[in-house]
Enquirer: 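Structure below; questions to follow.
Every value quoted in this text rests on a predicted model; they were computed, and no experiment measured them.
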Amino acid sequence: MNYIGSKQSLMGFLTDTITDVVGTETQGKVFADLFAGTGAVGTEFKRKGYRVIANDIQEYSFVLNRHLIQNVPPVKIEILDYLNELKGTEGFIYKNYCAGSGSGRQYFTDENGKKCDAIRIELNELKRSGEIDESQYYFLLASLINSIDKYANTASVYGAFLKKVKKSAAKEFELELLPIIDGDKESKAYKDNITNLIKGIGGDILYMDPPYNARQYCTNYHVLETIALYDNPVLRGKTGLRDYTEQKSAFCSKRTVVDAFDEVLRNAEFNYIFLSYNNEGLMDFNTIRKTMEKYGEYQQFSTDYKRFKADIDENRNYSADKTTEYLHCLIKK
């Protein structure tokens with residue numbers, strides 16, 4: 001997925017640096033990714049043999065990580081063709097996010113919105129009837145979220161839709177299955193606020209990739225959140241935002257971010273703590289360093305990388321097309 005803050009392009013830098021610090025032994029080690037997003041980092045460390053704890057406050061993220069992190073082979077799926085052959089239904093997605101319904105919104109073409117509805121409704125029914133179990137349900141729902149995103153009529157995120165249907169959005173929707181990652185069967189996904197969850201877990205490595213600025217993920221990916229929950233929410237405004245009061249992150253506010261960061265560090269029962277953060281985030285370099293140094297030995301590593309596509313599309317006034325990504329490290333006392 002084209003996801004804000006995705007570490008896919010930085011994976012080599014992250015894995016090499018973390019391995020250099022903690023060593024290569026993974027058997028029986030616990031790696032926690034508590035701002036998990038689409039699960040890219042946690043999935044990589046699951047492949048390496050770690051027991052992974054994944055967490056994110058967004059439902060669509062929980063669904064993705066519930067499959068990618070918690071599911072292990074075998075998870076049998078024999079109904080892919082059946083789901084792809086379902087006739088479209090005028091459900092919540094079509095009625096609220098497609099132009100043909102009169103909603104005034106065009107996040108998907110009419111046919112793709114109807115197809116998404118048909119599959120989403122059928123997944124609930126299959127789960128209710130017992131024809132698929134929980135692991136299969138999250139496998140298919142995660143695959144639906146990952147697949148439908150490729151057909152979204154947006155520039156990059158769901159903060160706005162395009163007036164004209166772009167080429168990729170005009171294609172006929174097809175459900176594609178995500179991979180099933182082999183790994184530790186005790187790996188687990190959560191949906192919680194990190195300041196709550198950190199008090200009840202522990203392990204070897206804590207990796208944090210929080211929001212860097214004031215843009216809330218709950219508004220940028222609200223359509224995927226609705227597909228994940230399929231809870232018929234009351235929508236508001238031109239873009240059809242759902243109520244996100246309970247999903248605002250303290251890490252998106254300059255007023256609250258430092259205290260939230262300090263609280264996590266103070267309560268973290270982990271030997272190594274890594275923080276991904278760039279040079280334009282709400283917390284400056286010295287604030288991060290001083291906060292981490294309170295709890296143990298501090299190190300930092302860095303690399304340059306290209307800006308996220310949304311920043312370019314929204315014509316943000318930046319002086320450079322690259323930013324510096326820091327990986328701050330705390331070896332906790």
Enquirer: Can you name the nearest heavy-atom pair linking Cys116 to Ile93, along with the distance?
Expert: SG-CG1, 4.3 Å
Enquirer: What do the steps show when you test Asn124 against Arg128 for side chain to side chain donor-acceptor pair (under 3.5 Å), and what is the final call?
Expert: CA-CA 6 Å; Asn124 277 356; Arg128 186 199 64 77; over 6 Å; no
Enquirer: For the backbone of Phe108 and the side chain of Asn153, can you confirm whether one donor and one acceptor N or O come within less than 3.5 Å of each other?
Expert: no
Enquirer: Should we say atom CD of Glu125 is surrounded by more than 12 heavy atoms from elsewhere, each under 6.0 Å from it?
Expert: yes
Enquirer: Could you go through the side chain to side chain donor-acceptor pair (under 3.5 Å) check for Thr109 and Asn112 one step at a time?
Expert: CA-CA 5 Å; Thr109 64; Asn112 287 345; 3.2 Å; yes
Enquirer: Rounded to the nearest 0.5 Å, how far does CD1 of Ile148 lie from CD of Glu174?
Expert: 12.0 Å
Enquirer: Can you name the side-chain contact (heavy atoms from CB on, under 4.5 Å) partners of Lys290, sequence neighbours left out?
Expert: none
Enquirer: Taking Lys46 for its side chain and Ile69 for its backbone only, find out whether a donor-acceptor pair lies under 3.5 Å.
Expert: yes
Enquirer: If you take all heavy atoms of Leu327 and Ser276, which pair is closest and at what distance?
Expert: CD1-OG, 3.7 Å
Enquirer: Walk me through it: do Asp184 and Ser187 pass the test side chain to side chain donor-acceptor pair (under 3.5 Å)?
Expert: CA-CA 6 Å; Asp184 193 303; Ser187 292; 4.8 Å; no
Enquirer: Please confirm whether the backbone N or O of Met283 pairs with a side-chain atom of Tyr277, one donor and one acceptor, at under 3.5 Å?
Expert: yes
Enquirer: Between the side chain of Thr43 and the main-chain N/O of Leu68, is any donor-acceptor distance below 3.5 Å?
Expert: no
Enquirer: Can you tell me if CD on Glu246 sees more than 12 non-hydrogen neighbours from other groups inside 6.0 Å?
Expert: no
Enquirer: Could you tell me whether the side chain of Gln216 and the main chain of Ser249 form a donor-acceptor pair under 3.5 Å?
Expert: yes
Enquirer: With a distance cut-off below 6.0 Å to the six-membered ring centre and an angular limit of 45° from the axis, does Lys115 pair with Phe173 as a cation-pi contact?
Expert: no
Enquirer: Are Val157 and Tyr244 connected in the hydrophobic side-chain network, where two residues link if heavy atoms are under 4.5 Å apart?
Expert: no
Enquirer: Which residue is it: Val41, Leu206, Val21? I am looking for the one with a side-chain contact (heavy atoms from CB on, under 4.5 Å) to Phe274.
Expert: Val21
Enquirer: Return the minimal non-hydrogen interatomic distance between Leu275 and Pro210, and the atom names on each side.
Expert: CD1-CD, 3.5 Å
Enquirer: Testing the basics here: between Gln106 and Leu162, what is the closest heavy-atom pair and its distance to 0.1 Å?
Expert: NE2-O, 3.4 Å
Enquirer: Verify the ring-centre separation between His67 and Tyr138: is it less than 6.0 angstrom?
Expert: no
Enquirer: State which residues pass side chain to side chain donor-acceptor pair (under 3.5 Å) with Gln8; sequence neighbours excluded, sorted by chain then number.
Expert: none
Enquirer: Passes salt bridge (Lys or Arg N to Asp or Glu O under 4.0 Å), Lys7 versus Asp209? Steps please.
Expert: CA-CA 9 Å; Lys7 293 299 178 286; Asp209 181 24; 3.0 Å; yes
Enquirer: Centroid-to-centroid, Phe13 to Phe301, below 6.0 Å?
Expert: no
Enquirer: If you look at every heavy atom in Asn65 and Ala54, which pair is closest and at what distance?
Expert: OD1-CB, 3.7 Å
Enquirer: More than 12 foreign heavy atoms under 6.0 Å from CD of Glu269: is that the case here?
Expert: no
Enquirer: List the residues meeting side-chain contact (heavy atoms from CB on, under 4.5 Å) with Gln70, not counting sequence neighbours, and say none if there are none.
Expert: Arg66, Lys188, Ala189
Enquirer: Establish, yes or no, whether the cationic atom of Lys29 lies under 6.0 Å from the six-membered ring centre of Tyr50 and within 45° of the ring axis.
Expert: no
Enquirer: Test of understanding: with side chain to side chain donor-acceptor pair (under 3.5 Å), list the residues that count as partners of Arg236, not counting sequence neighbours.
Expert: none
Enquirer: Quick one: are the ring centres of His222 and Tyr107 less than 6.0 Å apart?
Expert: yes
Enquirer: Holding to ring pair (Phe, Tyr, Trp, His ring centres under 6.0 Å), I want the full list of residues that pass it with Phe251, two or more places apart in sequence or in another chain.
Expert: Phe35
Enquirer: For a salt bridge (Lys or Arg N to Asp or Glu O under 4.0 Å) check, start with the C-alpha distance between Glu134 and Lys127, then their side-chain angles and the critical distance, and finish with the verdict.
Expert: CA-CA 7 Å; Glu134 187 176 89; Lys127 184 171 182 284; 5.3 Å; no
Enquirer: For residues Leu282 and Leu34: do they belong to one hydrophobic cluster (side chain heavy atoms under 4.5 Å, members Ile, Leu, Val, Met, Phe, Trp, Tyr)?
Expert: yes
Enquirer: My understanding is that only residues two or more places apart in sequence, or in another chain, count here; which of them pass side-chain contact (heavy atoms from CB on, under 4.5 Å) with Lys294?
Expert: Asp262
Enquirer: List the steps, then state whether side chain to side chain donor-acceptor pair (under 3.5 Å) holds for Asn193 with Thr195.
Expert: CA-CA 6 Å; Asn193 189 306; Thr195 54; 2.7 Å; yes
Enquirer: Side chains of residues 72-89: which donor-acceptor pairs under 3.5 Å do they make with residues two or more places apart or in other chains?
Expert:
{"unit_1": "Tyr82", "atom_1": "OH", "unit_2": "Glu122", "atom_2": "OE2", "d": "2.7"}
{"unit_1": "Asn84", "atom_1": "OD1", "unit_2": "Leu175", "atom_2": "N", "d": "2.7"}
{"unit_1": "Asn84", "atom_1": "ND2", "unit_2": "Leu175", "atom_2": "O", "d": "3.2"}

Enquirer: Please list, chain by chain and in numerical order, all residues satisfying ring pair (Phe, Tyr, Trp, His ring centres under 6.0 Å) with Phe285, sequence neighbours excluded.
Expert: Tyr326, His328
Enquirer: Heavy atoms, side chains only, cut-off 4.5 Å: are Leu178 and Leu64 in contact?
Expert: yes
Enquirer: Who are the side chain to side chain donor-acceptor pair (under 3.5 Å) partners of Gln300, not counting sequence neighbours?
Expert: none
Enquirer: Tell me every residue that passes side-chain contact (heavy atoms from CB on, under 4.5 Å) with Leu235, counting only those two or more places apart in sequence or in another chain.
Expert: Phe92, Asn96, Tyr97, Arg105, Pro233, Arg242
Enquirer: Identify whether the distance between the nearest side-chain nitrogen and carboxylate oxygen of Glu59 and Lys191 falls below 4.0 Å.
Expert: yes
Enquirer: Can you tell me how far CG of Asn267 sits from CD1 of Ile201, rounded to the nearest 0.5 angstrom?
Expert: 11.0 Å
Enquirer: Could you list the residues that satisfy ring pair (Phe, Tyr, Trp, His ring centres under 6.0 Å) with Tyr207, not counting sequence neighbours?
Expert: none
Enquirer: Among all residues two or more places apart in sequence or in another chain, which pass the side chain to side chain donor-acceptor pair (under 3.5 Å) test with Thr15?
Expert: none
